[in-house]
Amino acid sequence: MDSNQRMIHWSAAWALVGGVVVCTGCMRGQPITQSGESFTHEVNCKAKDDIVSMPWAELHQILDQERG
Ligand SMILES: [Zn+2]
């Protein structure tokens, strides 16, 4: 997958709101200061099994891929 496709995929699962990454499935958030930790979803989140556990790290990797 190229970086643009990965970014589209990432954007479908996550939103950045006021410096916090938010799961669009359950609307829980994680600040960048917790970027090294696995994301904590609401128990009933329908998206949690289908998306990456560390959204900040994934975003970093996408940017790295684009910049080379
Ligand atoms: Zn969630």
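In what follows, residues are counted from 1 in the order of the sequence shown. The figures that follow rest on heavy atoms only: side chains count, while hydrogens, waters and symmetry mates do not. Every number for a ligand or one of its atoms is a count from 1 in the order of the listing.
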Q. Is there a side-chain contact between Phe39 and Ile51 (heavy atoms, below 4.5 Å)?
A.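 Side chain of Phe39 against side chain of Ile51, heavy atoms only: no contact under 4.5 Å found.
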Q: Please list, chain by chain and in numerical order, all residues satisfying side-chain contact (heavy atoms from CB on, under 4.5 Å) with Ser35, sequence neighbours excluded.
A: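 For Ser35 the side-chain contact (heavy atoms from CB on, under 4.5 Å) partners, ignoring immediate neighbours, are Ile32, Trp56.
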Q | Partners meeting side-chain contact (heavy atoms from CB on, under 4.5 Å) with Ser3 (sequence neighbours left out) | A |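 Expected list: Ile62, Gln65, Glu66.
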Q | Distance, nearest 0.5 Å, that separates NZ of Lys46 from NE2 of His41 | A |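 Output value for this atom pair is 14.0 Å.
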Q | Summary of salt bridge (charged side-chain N to carboxylate O under 4.0 Å, His left out) pairs that have at least one residue in residues 16-29, sequence neighbours excluded | A |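 Checked against salt bridge (charged side-chain N to carboxylate O under 4.0 Å, His left out) - neighbours excluded - the pairs reaching residues 16-29 are Arg28-Glu42.
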**Q.** the Zn ion (ligand 1): protein N, O or S atoms that are less than 2.8 Å away, sorted by chain
**A.**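 As for protein N, O or S atoms lying under 2.8 Å from the Zn ion (ligand 1), they are Cys23 SG, Cys26 SG, His41 ND1, Cys45 SG.
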Q: Please report the shortest heavy-atom distance between Val20 and Gln30, naming the atom on each side.
A: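 Shortest heavy-atom separation between Val20 and Gln30 comes out as CG1-N, 3.2 Å.
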